[in-house]
Amino acid sequence: MRIGIGYDVHKLVEGRKLIIGGVLINYNKGLLGHSDADVLIHAIMDSIIGAMGLGDIGTFFPDTDEKFKDISSIYLLNEVKKVMIDNNYKIGNIDSIIVAQKPKLRPYIDEMILNICNTLEIGKDKVNIKATTEEELGFTGREEGISAKAVCILI
């Protein structure tokens, strides 16, 4: 059994779509990044890659490579799944948390879980997603950005 942690943060800006957990969320701002800037999927990928001891998502998908420009993070998660399978690992479980003052994310969490489970080909009992605010403190509380953290156990 191996454990990995992941963390990601992106700035909220106008003119971008807000995609979290592979779900397009109706909001007046989106996350700035080289890919679709999906903080949750990035944190989950980092936790899986870390549990394998293979670096981080930048090792596999550098933000200097134009082929990853605006790419779907769900697609990248599928690529991480292939690496995991090639290294003879399977998901024990994933626990994650999204930190955002706004928008309220609870209505989207079930769809996020479904996207992740379908991509990783695992049951819903293997993925947990929580959302919280920071009570208007820090950059997330000021609605400057959104962050996510994830922990993964690989077997």
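Basis for what follows: all heavy atoms, side chains included, without hydrogens, waters or symmetry-related copies. Everything numeric in this text was worked out from a predicted model, so none of it was measured.
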Quiz item: Counting only heavy atoms not in Asn28, do more than 12 sit closer than 6.0 Å to its CG atom?
Solution: yes
Self-check item: 4.5 Å side-chain heavy-atom contact, Asp38 and Leu31
Solution: no
Quiz prompt | Closest approach of Met112 to Ile25 (non-hydrogen atoms, all atoms of both residues) | solution = CE-CD1, 4.0 Å
Quiz item: Taking the side chain as C-beta and beyond, is there a heavy-atom pair between Lys29 and Arg16 under 4.5 Å?
Solution: no
Quiz item: With sequence neighbours left out, what residues match Lys82 under side-chain hydrogen bond (donor to acceptor under 3.5 Å, both in side chains)?
Solution: Glu79
Quiz item: Can you find a pair of side-chain heavy atoms, one from His42 and one from His10, that are under 4.5 Å apart?
Solution: yes
Practice problem: Could you tell me which residues satisfy side-chain hydrogen bond (donor to acceptor under 3.5 Å, both in side chains) with Asp56, sequence neighbours excluded, listed by chain and number? | Solution: Thr59
Practice problem: Report yes or no: does Lys102 contribute a side-chain atom to a donor-acceptor pair with the main-chain N or O of Glu143 at less than 3.5 Å? | Solution: no
Quiz item: Counting only heavy atoms not in Phe60, do more than 12 sit closer than 6.0 Å to its CZ atom?
Solution: yes
Exercise. For the residue pair Lys81 and Thr119, establish whether any side-chain heavy-atom pair is separated by less than 4.5 Å.
Key: no
Self-check item: Cluster companions of Leu114 among Ile, Leu, Val, Met, Phe, Trp, Tyr (side-chain spacing under 4.5 Å)
Solution: none
Exercise. Taking all heavy atoms of Cys152 and all of Ser47, pick out the closest pair and write down the distance.
Key: CB-OG, 3.3 Å
Quiz item: Do side-chain atoms of Ser96 reach the backbone of Asn128 as a donor and acceptor pair under 3.5 angstrom?
Solution: yes
Quiz item: Hey, are Asp36 and Ser73 close enough side-chain-wise for a donor-acceptor pair under 3.5 Å?
Solution: yes
Quiz item: Ile129 and Leu105: side-chain contact (heavy atoms from CB on, under 4.5 Å), yes or no, with the steps?
Solution: CA-CA 10 Å; Ile129 300 171; Leu105 298 173; over 6 Å; no
Exercise. Answer whether the closest heavy-atom distance between the side chains of Phe61 and Ile71 falls below 4.5 Å.
Key: no
Exercise. Output, in order, the C-alpha distance, side-chain angles, deciding distance and verdict of side-chain contact (heavy atoms from CB on, under 4.5 Å) for Val99 and Lys149.
Key: CA-CA 8 Å; Val99 183; Lys149 298 172 182 88; 4.2 Å; yes
Quiz item: How far apart are the closest heavy atoms of Ile146 and Thr140, and which atoms are they?
Solution: CA-CG2, 4.2 Å
Quiz item: Between Ile109 and Val23, is a side-chain contact (heavy atoms from CB on, under 4.5 Å) present by the stated rule, with each step listed?
Solution: CA-CA 9 Å; Ile109 287 179; Val23 178; over 6 Å; no
Quiz item: Counting heavy atoms not belonging to Lys67, are there more than 12 under 6.0 Å from its NZ?
Solution: no
Quiz item: How would you list, by chain and number, every residue that makes a side-chain hydrogen bond (donor to acceptor under 3.5 Å, both in side chains) with Arg142, sequence neighbours excluded?
Solution: Glu144
Self-check item: Pairwise side-chain contact, Met52 with Arg2, heavy-atom cut-off 4.5 Å (strictly under)
Solution: no
Quiz item: Does anything in residues 104-116 pair up under side chain to side chain donor-acceptor pair (under 3.5 Å), and if so which pairs, sequence neighbours excluded?
Solution: none
Exercise. Answer yes if Ile122 and Ile41 sit in the same cluster of Ile, Leu, Val, Met, Phe, Trp and Tyr residues linked by side chain heavy atoms under 4.5 Å apart, and no otherwise.
Key: yes
Exercise. Could you check if a side-chain atom of Leu154 sits within less than 4.5 angstrom of a side-chain atom of Asn87, using non-hydrogen atoms only?
Key: no
Self-check item: Least distance between heavy atoms, Leu77 atom then Met45 atom
Solution: N-SD, 3.5 Å
Quiz item: So, for Pro62 and Phe68, which heavy atoms are closest and what is the spacing to 0.1 Å?
Solution: O-CD1, 3.6 Å
Quiz item: So does Lys130 have more than 12 non-hydrogen atoms from other groups sitting under 6.0 Å from NZ?
Solution: yes
Practice problem: Report yes or no: do Ile113 and Ile97 belong to one cluster of Ile/Leu/Val/Met/Phe/Trp/Tyr joined by side chain heavy-atom distances under 4.5 Å? | Solution: no
Quiz item: So which residues get pulled into Val151's cluster when ILVMFWY side chains under 4.5 Å apart are joined, directly or through others?
Solution: Met1, Ile3, Ile5, Ile153
Self-check item: Backbone of Ala148 reached by a side-chain donor or acceptor of Asp8 within 3.5 Å
Solution: no
